[in-house]
Amino acid sequence: MASGPALGHALGVIPLDEARSYVLDRVDRLPAVQVSVAEAAGLVLAEPIVAQELVPPFANTAMDGFAVIAADTDSAPVTLEVAGTVAAGAPATRPLGPGQAMRIMTGAPMPEGADAVVMVERTSYDADNALVDVEISVGEGNHVREAGEDVRPGDELFGAGTVLAAGHLGVLASVGIGSVCAYRRPIVGVVSTGDELVDDGRPLKPGEIRDSNRRTLLTMLDESGMEPVDLGIARDNEADIAEAFTEGAARCDAILSSGGVSMGAFDYVKVVLDRLGDMRWMQIAIKPAKPFAFGLIGTTPVFGLPGNPVSSMVSYELFARPALRKMAGHTLFDRPVRRAISEDPIGRHDDGKTHYIRVTGGPDETGRWHVRKLTGQGSHQLTAMARASALAVVPDQVEIAAGDEVEIIGLGTVVS
Ligand code: AMP
Ligand code: MG
């Protein structure tokens with residue numbers, strides 16, 4: 001694909017897929033590093049993990065009860081001599097002999113000589129006379145968890161590419177692995193641009209609005225497993241914008257900016273980014289989020305998201321999140337798309353664009369999804385986006401009547 005257009009030159013409208021491939025082709029996985037397991041949730045493994053230890057490390061009981069020699073219970077009910085008690089963490093100090101039993105608690109090591117456990121519910125025991133009545137006969141290995149039943153030294157536990165979740169990290173803890181080789185979590189700076197923006201809670205003067213994009217984008221980054229960095233507000237002048245992007249490129253693996261990428265007279269973001277980096281300014285056949293810029297300052301990817309709050313979120317979902325996931329080592333970049341029944345007519349558009357309609361809904365008792373179109377579909381109407389559980393994807397010239405199927409992309413944690 002050709003590199004960016006001449007500086008500052010506005011392109012014709014391009015399809016979504018072209019814009020996405022342009023971005024995804026220009027970002028690379030970050031280097032793999034050694035990371036403490038305590039910091040590794042959500043990271044992608046760069047190397048397989050091989051166990052060096054046994055889990056369980058020793059044969060132990062799965063039940064509270066009595067450790068016995070299975071053969072002694074063949075003629076159950078039988079009475080056995082209680083030769084001691086074994087607790088988790090406190091192994092027996094002597095072996096079990098024929099005709100004997102030891103009280104044993106879940107997780108405690110099997111005493112030497114014992115080969116089965118009778119659960120406490122199938123015994124009667126009087127602590128005073130040191131005898132236990134065993135009601136049932138049990139086979140060898142009954143309720144015994146053998147050493148290495150879960151993990152053995154040399155086992156490959158998880159392959160490269162595994163996304164580390166709670167269970168994986170628990171397994172690593174169980175074999176005493178304290179750090180892993182994983183792709184680094186991208187550090188991503190967020191800067192808002194605009195003279196109208198206020199972020200200190202003071203009363204608004206005429207023409208001012210509060211900066212919402214930075215809060216939204218920082219949070220979306222956090223939810224995507226990235227490390228967000230707040231680069232503040234850059235005013236609509238070249239010096240301010242240049243400073244924010246230069247600082248961002250020095251501190252971060254990628255930068256998200258919002259505002260200043262459309263056709264406004266004070267969109268100095270374009271002037272500055274064209275000077276600092278190699279940018280492509282795009283108009284994409286989608287609604288919302290038509291204007292979008294992507295490029296590199298040195299090797300740092302810059303995502304120029306539109307200023308309208310809904311557009312910046314949609315643009316993040318469609319371009320920034322997949323690219324940042326690629327940088328983080330993921331191979332699955334997008335959220336799953338599913339089909340739902342639209343309870344409302346969404347209508348039809350003949351404007352050459354794919355529309356992303358804010359919808360809310362969920363599964364019925366059969367698991368089939370139903371969605372309703374939210375009120376307030378303007379790209380400035382952030383509340384509908386905040387309430388949306390998904391975006392319905394409506395291609396150009398496709399009519400969605402009430403009861404029709406529609407494709408949806410789940411947002412956030414609702415249907416991710
Ligand atoms: P722009 O792309 O800079 O022309 O901005 C498009 C629209 O988004 C304008 O109405 C801006 O006031 C608004 N906008 C830009 N940045 C933000 C922001 N950080 N928070 C909320 N609205 C914004
Ligand atoms: Mg602006």
Side-chain angles (χ1 to χ4, degrees), residues 8-11 13 19 188-223 228-245 247-248 252 254-277 279-295 302-321 353 356 358 376-388:
H9 174 73
L11 279 184
V13 174
V188 187
V190 179
V191 57
S192 291
T193 70
D195 278 346
E196 74 277 34
L197 302 178
V198 170
D199 70 348
D200 57 5
R202 67 169 165 77
L204 297 175
K205 293 187 199 136
E208 290 181 337
I209 63 165
R210 302 194 192 280
D211 175 5
S212 59
N213 290 351
R214 208 151 33 105
R215 178 57 44 226
T216 314
L217 291 168
L218 289 166
T219 308
M220 290 178 101
L221 285 167
D222 197 44
E223 289 173 356
V229 171
D230 187 350
L231 297 172
I233 296 175
R235 298 302 170 190
D236 286 324
N237 64 71
E238 292 193 34
D240 228 36
I241 295 168
E243 190 188 325
F245 280 104
E247 185 201 339
C252 306
I255 304 171
L256 306 181
S257 68
S258 71
V261 295
S262 44
M263 301 296 187
F266 302 102
D267 290 346
Y268 292 112
V269 175
K270 281 189 174 174
V271 177
V272 172
L273 282 181
D274 276 338
R275 196 176 72 224
L276 293 180
M279 300 295 296
R280 178 169 174 187
W281 304 90
M282 305 178 216
Q283 301 288 321
I284 302 163
I286 55 174
K287 187 174 182 174
K290 183 177 172 210
F292 171 68
F294 176 79
V302 178
F303 300 84
L305 310 180
N308 274 309
V310 178
S311 306
S312 71
M313 286 185 79
V314 170
S315 203
Y316 176 86
E317 282 289 332
L318 297 180
F319 306 110
R321 184 177 178 276
K353 297 177 189 166
Y356 291 83
R358 275 68 79 202
Q377 294 284 330
S379 62
H380 59 298
Q381 291 174 298
L382 189 55
T383 45
M385 181 71 178
R387 290 178 185 135

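Order of listing sets the numbers, starting from 1, for every ligand and every atom in it.
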Centres of the F292 and F319 rings: under 6.0 Å? yes
Chain-and-number sorted residues having a heavy-atom contact under 4.0 Å with ligand 1 are S192, T193, E196, L197, I209, R210, D211, S212, N213, S258, G259, G260, S262, G307, N308, P309
Going by salt bridge (Lys or Arg N to Asp or Glu O under 4.0 Å), name the residues that satisfy it together with D236, two or more places apart in sequence or in a different chain. none
Under 3.5 Å donor-acceptor, S258 side chain and P306 backbone: no
Would you please name every residue forming a side chain to side chain contact (heavy atoms under 4.5 Å, CB included) with R235, sequence neighbours left out? D195, L197, I233, N237, D240
Can you list the residues that meet the ring pair (Phe, Tyr, Trp, His ring centres under 6.0 Å) rule with Y356, with sequence neighbours excluded? none
Determine yes or no for a side-chain-to-main-chain donor-acceptor pair under 3.5 angstrom, with K353 supplying the side chain and P288 the backbone. no
